[in-house]
Amino acid sequence: MDSAGSSLKLWPPSVNTRLMLVEKMTKNLITPSILSRKYGLLSKEEAEEDAKQIEAVAFASANQHFDKEPDGDGSSAVQLYAKESSRLMLEVIKRGPQTKESAEGVIPEKVKASDETTIFDVYKGRRDFINAEVAGELLKPLREPGNNYKRICFSNRSFGVDAAKIAGPILSSLKDQLTEVDLSDFIAGRPEEEALEVMEIFSSALGACDLRYLNLSNNALGEKGVRAFGALLKSQQNLEELYLMNDGVSEEAAQAVCELIPSTDKLRILHFHNNMTGDEGALAISELVKHSPALEDFRCSSTRVGSEGGVALSQALGECRNLKKLDLRDNMFGVEAGIALSKVLSIFSDLTEIYLSYLNLEDEGSIALANALKGSAPSLEVLEMDGNDITVKAAPVLAACIAAKQFLTKLRSAENELKDEGAILIAKALEDGHGQLTELDMSTNAIRRAGARCLAQAVVSKLGFKVLSINGSFISDEGIDEVKDIFKNSINVLGPLDENDPEGEDYDEDADEETDNEYELETRLKDLDIKQEE
C-alpha cells in the first residue's frame with residue numbers, strides 16, 4: 001500500500017543513500033592508513049561484508065531512535081546513524097582482517113549490546129521484496145531451538161503473502177517469549193488486497209503474544225489496515241508503547257484503534273504523528289488518552305486536528321499526570337484549544353518537553369499557555385512555539401515564563417511577530433542563569449539591530465551554547481557586523497544570515513539609526529521586571 005501523506009523529513013535515508021554509505025565505508029576499510037599498518041588491511045570482500053553489517057546495525061539503532069524522537073525531521077536520527085557507523089567502522093579496523101575460521105561476524109563482540117541475542121532484525125542492508133524462499137532463509141534463526149529472541153523487527157523489507165505464510169507459523173511458535181514487535185513499513189509497494197492479507201497473517205500469528213511495544217507505522221493502514229490487525233490489537237492488555245505514525249489514520253481508523261485495543265492502563269508512549277485524523281478522529285483518540293493514566297509521551301503532530309478535536313485532546317490529557325513529553329505541532333487548534341490546554345498544564349509537574357508550534361494560538365492562546373507553564377513544569381527543557389502569530393502583546397508573559405524555566409536547553413519562537421521589543425524582553429529573560437541552554441531560534445520575527453544585539457549578548461557567554469538563529473530578520477548591515485563581533489570567538493554559534501533583509505518591511509532608516517545609536521528600546525525595557533513564580 002502506498003504511504004499516505006507526505007512531509008519533508010531527513011529520515012529514513014533512501015536506498016541509494018544507504019548504498020553510498022556502504023560503498024564509502026568499504027573504501028575506507030581497504031585504504032591503507034596508520035591503523036591498517038598496525039592492525040592489518042582488510043580484503044575488499046571482507047570490507048564489503050563488514051560495511052554492509054555496520055550499516056545495518058547503525059540503521060537499526062537510528063531507526064529505533066527516530067520512532068521515539070520528538071523531532072519530526074529525523075535530524076538526530078541521521079546524526080546517530082553517522083556516529084554509530086563511524087564508531088563501528090573504527091572497531092572493525094582495530095579488529096583487523098579475520099580468517100574464515102575465526103570470523104564470527106563483522107561487529108566485534110565488545111561492540112555488541114549485551115542483549116543483542118534477544119533482538120532479531122530482518123534488515124540486512126537491503127530494502128527489497130521478500131518471497132517465500134528468501135523468508136525461509138531469512139527467518140532461520142527464529143527456528144533454532146532455545147533461541148532467546150524477545151524483540152523482532154520486520155521493518156524496511158516488503159513481505160508478500162507467500163513470505164507471510166512462511167513467517168506466520170514461526171512467529172506463532174515464539175508467542176510466549178516476544179515482548180516487542182516492529183512491523184513498520186513492511187508491506188511497501190504491495191497492492192492493497194495483498195497487503196491486507198499479509199497484515200491478517202501477521203496479526204493472527206502474533207495474536208497470542210503479550211507485547212509491551214508495538215510499532216505499525218508507515219503502512220498506510222487506514223481503517224481496513226487497522227482492522228486487519230484486529231486479532232493482534234484485541235489481545236493486547238499490557239502495551240506500554242504504541243506507534244501509529246504516517247499510517248493514514250482517518251476518523252474511522254482512529255475509532256477502530258480505540259474499539260480494538262482492550263486496555264491502555266499501562267501505556268506510556270503513544271505516537272500518532274502525520275495522519276489525517278481530523279477533529280472526529282481526535283475525539284476517538286481522546287478516549288484512548290483518557291484511559292491511559294500512565295502516559296508519559298504523547299505525540300499527535302501533523303494530524304489535521306482543529307479546535308473541537310484540540311479541546312477534546314486537551315481535556316483528555318487532564319487524566320495523564322505523568323506526562324513528560326507532549327508534541328501537538330502542526331495542527332489547527334486555534335485560541336480555544338490553546339486555552340483548553342492551558343487549563344490542564346498545571347498538573348504536569350514532570351513535563352520536560354513541549355512542542356506547540358504551528359497551532360494558530362495567536363496572542364490569546366499563547367498568553368494562556370505561557371501563564372500556565374510559568375507556574376508548572378519546573379524541569380522543562382524544551383519549549384517550542386514557532387509560527388503562532390505571537391506579537392509584542394504576548395512578549396512580557398512569554399518572557400516571564402522563559403525566565404522561570406532555568407533548565408531550558410532548547411527554545412524556539414521563530415516565525416512570529418515579536419519584533420525588537422519582544423526579542424529584547426526574551427533576551428533579558430535569558431540573561432541570568434539558563435546555563436544549560438544550547439539552542440535559541442528567534443528567526444523570522446521582524447527583528448532589527450537592537451533586538452539581534454540583545455539576543456546575541458544574552459547567549460554568547462553560556463557554556464555549551466550551540467546555535468543562535470535570527471535569520472529572516474531586518475538587521476542592518478552595521479547590526480550584522482555588530483552581532484558577528486559579539487561572536488568573534490565562537491562564530492560557528494551564529495546561525496546562517498542569508499535570508500536577512502536590511503531593508504525589509506517595517507524598515508525605517510531614521511528610526512533604525514536613532515534606535516541603534518541611543519539604544520532607546522533597551523533603555524525603555526531594561527527595567528521591566530520579569531517576575532518568576534516563588
Side-chain angles (χ1 to χ4, degrees), residues 60 63-64 67-68 113 115-123 130 135-136 138-159 161 163-187 195-219 221 224-245 247 249 253 256-272 288 291-292 294-295 297:
N63 205 43
Q64 188 173 23
D67 286 339
K68 299 179 180 181
D115 62 348
E116 186 172 298
T117 55
T118 70
I119 304 172
F120 181 79
D121 189 346
V122 301
Y123 181 73
I130 303 297
L138 197 61
L139 304 182
K140 268 186 179 179
L142 297 179
R143 286 195 176 112
E144 294 176 2
N147 76 73
N148 195 36
Y149 292 116
K150 297 183 183 341
R151 295 177 277 178
I152 59 170
C153 177
F154 280 22
S155 181
N156 297 304
R157 303 290 285 272
S158 180
F159 283 76
V161 171
K165 288 179 178 178
I166 297 295
I170 298 174
L171 295 176
S172 293
S173 71
L174 303 175
K175 64 180 184 298
D176 295 327
Q177 64 190 67
L178 291 179
T179 60
E180 299 186 13
V181 172
D182 185 345
L183 297 178
S184 59
D185 194 20
F186 84 124
I187 50 165
L196 290 172
E197 187 174 352
V198 170
M199 293 179 196
E200 289 173 353
I201 293 171
F202 273 83
S203 176
S204 297
L206 295 166
C209 297
D210 184 16
L211 300 180
R212 301 296 181 271
Y213 170 104
L214 179 60
N215 190 342
L216 301 177
S217 299
N218 300 313
N219 286 312
L221 298 175
K224 290 181 181 179
V226 170
R227 296 199 179 278
F229 277 115
L232 174 57
L233 294 173
K234 283 179 180 178
S235 64
Q236 301 311 308
Q237 297 279 354
N238 296 300
L239 267 184
E240 295 179 7
E241 300 182 39
L242 176 61
Y243 300 85
L244 293 167
M245 300 186 290
D247 266 333
V249 178
V257 171
C258 299
E259 170 195 324
L260 292 169
I261 298 180
S263 174
T264 56
D265 287 347
K266 298 180 181 179
L267 199 63
R268 296 184 298 104
I269 300 176
L270 178 60
H271 284 196
F272 271 101
L288 200 66
H291 294 94
S292 305
L295 199 62
D297 181 348

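Quick note: numbers below take in every heavy atom, side chains included, and nothing from hydrogens, waters or symmetry partners.
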**Q** Do you know the tightest heavy-atom contact between Leu183 and Leu206?
**A**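 The answer is CD1-CD1, 4.0 Å.
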**Q** Do Leu244 and Val226 touch side chain to side chain, with heavy atoms closer than 4.5 Å?
**A**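 In short, these two side chains do not touch, never coming nearer than 4.5 Å.
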**Q** How far apart are the C-alpha atoms of Leu242 and Ile261, what are their side-chain angles, what is the distance that settles it, and do they pass the side chain to side chain contact (heavy atoms under 4.5 Å, CB included) test?
**A** CA-CA 11 Å; Leu242 176 61; Ile261 298 180; 3.5 Å; yes
**Q** Taking all non-hydrogen atoms of both residues, which atom of Gly207 and which atom of Ser235 are closest, and how far apart?
**A**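 Shortest heavy-atom separation between Gly207 and Ser235 comes out as O-OG, 2.5 Å.
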**Q** Enumerate the side chain to side chain donor-acceptor pair (under 3.5 Å) contacts for residues 196-209, please, sequence neighbours excluded, ordered by first and then second residue.
**A**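 Sorted result for residues 196-209: empty, none.
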**Q** Would you give the length of the straight line joining atom CD of Gln237 to atom CG of Asp210, rounded to the nearest 0.5 angstrom?
**A**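 Gln237 CD to Asp210 CG: 8.5 Å, rounded to 0.5 Å.
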**Q** Does Leu232 offer a backbone N or O that forms a donor-acceptor pair with the side chain of Gln236 under 3.5 Å?
**A**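 Yes; judged by distance alone, with no hydrogens or angles, the pair exists.
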**Q** For the pair Ser292 (side chain) and Leu267 (backbone), establish whether a donor and an acceptor sit closer than 3.5 Å, ignoring hydrogens and angles.
**A**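 Absent.
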**Q** Between Glu241 and Arg268, does at least one N-O distance fall below 4.0 Å, as a salt bridge requires?
**A**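 Result for this pair is yes, salt bridge flagged.
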**Q** After noting the C-alpha distance and the side-chain angles of Thr118 and Thr179, does the key distance pass the side chain to side chain contact (heavy atoms under 4.5 Å, CB included) rule?
**A** CA-CA 10 Å; Thr118 70; Thr179 60; over 6 Å; no
**Q** For the atom pair CG (Leu288) and CD (Glu259), what is the distance rounded to the nearest 0.5 Å?
**A**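 With rounding to 0.5 Å, CG (Leu288) is 12.5 Å from CD (Glu259).
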**Q** Can you find a heavy atom in the side chain of Leu295 that is under 4.5 Å from one in the side chain of Thr264?
**A**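 A side-chain contact is absent here, since even the closest heavy-atom pair is not under 4.5 Å.
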**Q** Are Asp182 and Gln64 linked by a side-chain donor-acceptor pair shorter than 3.5 Å?
**A**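 Short answer, no.
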**Q** Taking the side chain from Ser155 and the backbone from Ser184, do they hold a donor-acceptor pair closer than 3.5 Å?
**A**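 Yes.
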**Q** Is the backbone of Ile130 close enough, under 3.5 Å, to the side chain of Arg157 for a donor and an acceptor to pair up by distance?
**A**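 Such a contact is absent between Arg157 side chain and Ile130 backbone.
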**Q** Going by the angle between their ring planes, with limits at 30° and 60°, are Tyr243 and Tyr213 parallel, tilted or perpendicular?
**A**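 Geometry flag for Tyr213 against Tyr243: tilted rings.
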**Q** So which atom in Asn238 and which in Lys266 form the shortest heavy-atom distance, rounded to 0.1 Å?
**A**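 Scanning both residues completely, I find the closest heavy atoms to be OD1-NZ, 2.8 Å.
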**Q** Can any side-chain N or O of Asn219 pair as donor or acceptor with the backbone N or O of Ser217 at less than 3.5 Å?
**A**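 Confirmed, Asn219 side chain pairs with Ser217 backbone.
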**Q** Just verifying a value: how many Å separate Ile166 CD1 and Leu139 CG, rounded to the nearest 0.5 Å?
**A**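 Spacing of CD1 (Ile166) from CG (Leu139) equals 8.5 Å.
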**Q** Between Phe229 and Leu260, is the side chain to side chain contact (heavy atoms under 4.5 Å, CB included) condition met? List the steps.
**A** CA-CA 9 Å; Phe229 277 115; Leu260 292 169; over 6 Å; no
**Q** For the residue pair Gly136 and Arg143, what are the closest heavy atoms and their distance?
**A**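 Distance-wise, the nearest heavy atoms are O-NH1, 3.4 Å.
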**Q** Show the numbers, then the answer: is there a ring pair (Phe, Tyr, Trp, His ring centres under 6.0 Å) between Phe120 and Tyr149?
**A** CA-CA 6 Å; Phe120 181 79; Tyr149 292 116; 5.4 Å; yes
**Q** Please report the closest heavy-atom contact between Gly168 and Ala205, naming both atoms and the distance.
**A**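 Gly168 and Ala205 have their closest heavy atoms at O-CB, 3.3 Å.
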**Q** Ignoring hydrogens and geometry, is there a side-chain-to-backbone donor-acceptor pair from Asp247 to Val249 under 3.5 Å?
**A**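 Side chain of Asp247 to backbone of Val249: no pair is present.
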**Q** I need the minimum non-hydrogen distance between Leu138 and Val122, along with the two atoms involved.
**A**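 Here Leu138 and Val122 meet closest at CD2-CB, 3.7 Å.
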**Q** How long is the straight-line distance from CG of Leu196 back to CD1 of Ile201, given to the nearest 0.5 Å?
**A**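 Answer for the CD1-CG pair, Ile201 versus Leu196, is 11.0 Å.
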**Q** Working to the nearest 0.5 Å, report the span between CG of Asp121 and CZ of Phe154.
**A**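 If I round to the nearest 0.5 Å, the distance is 9.5 Å.
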**Q** Given the rule in the side chain to side chain contact (heavy atoms under 4.5 Å, CB included) test, do Ile187 and Phe202 qualify, once you have shown the distances and angles that lead to the verdict?
**A** CA-CA 11 Å; Ile187 50 165; Phe202 273 83; over 6 Å; no
**Q** Just how far is it from atom CG of Asn215 to atom SG of Cys153, taken to the nearest 0.5 Å?
**A**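 Asn215 CG to Cys153 SG: 8.0 Å, rounded to 0.5 Å.
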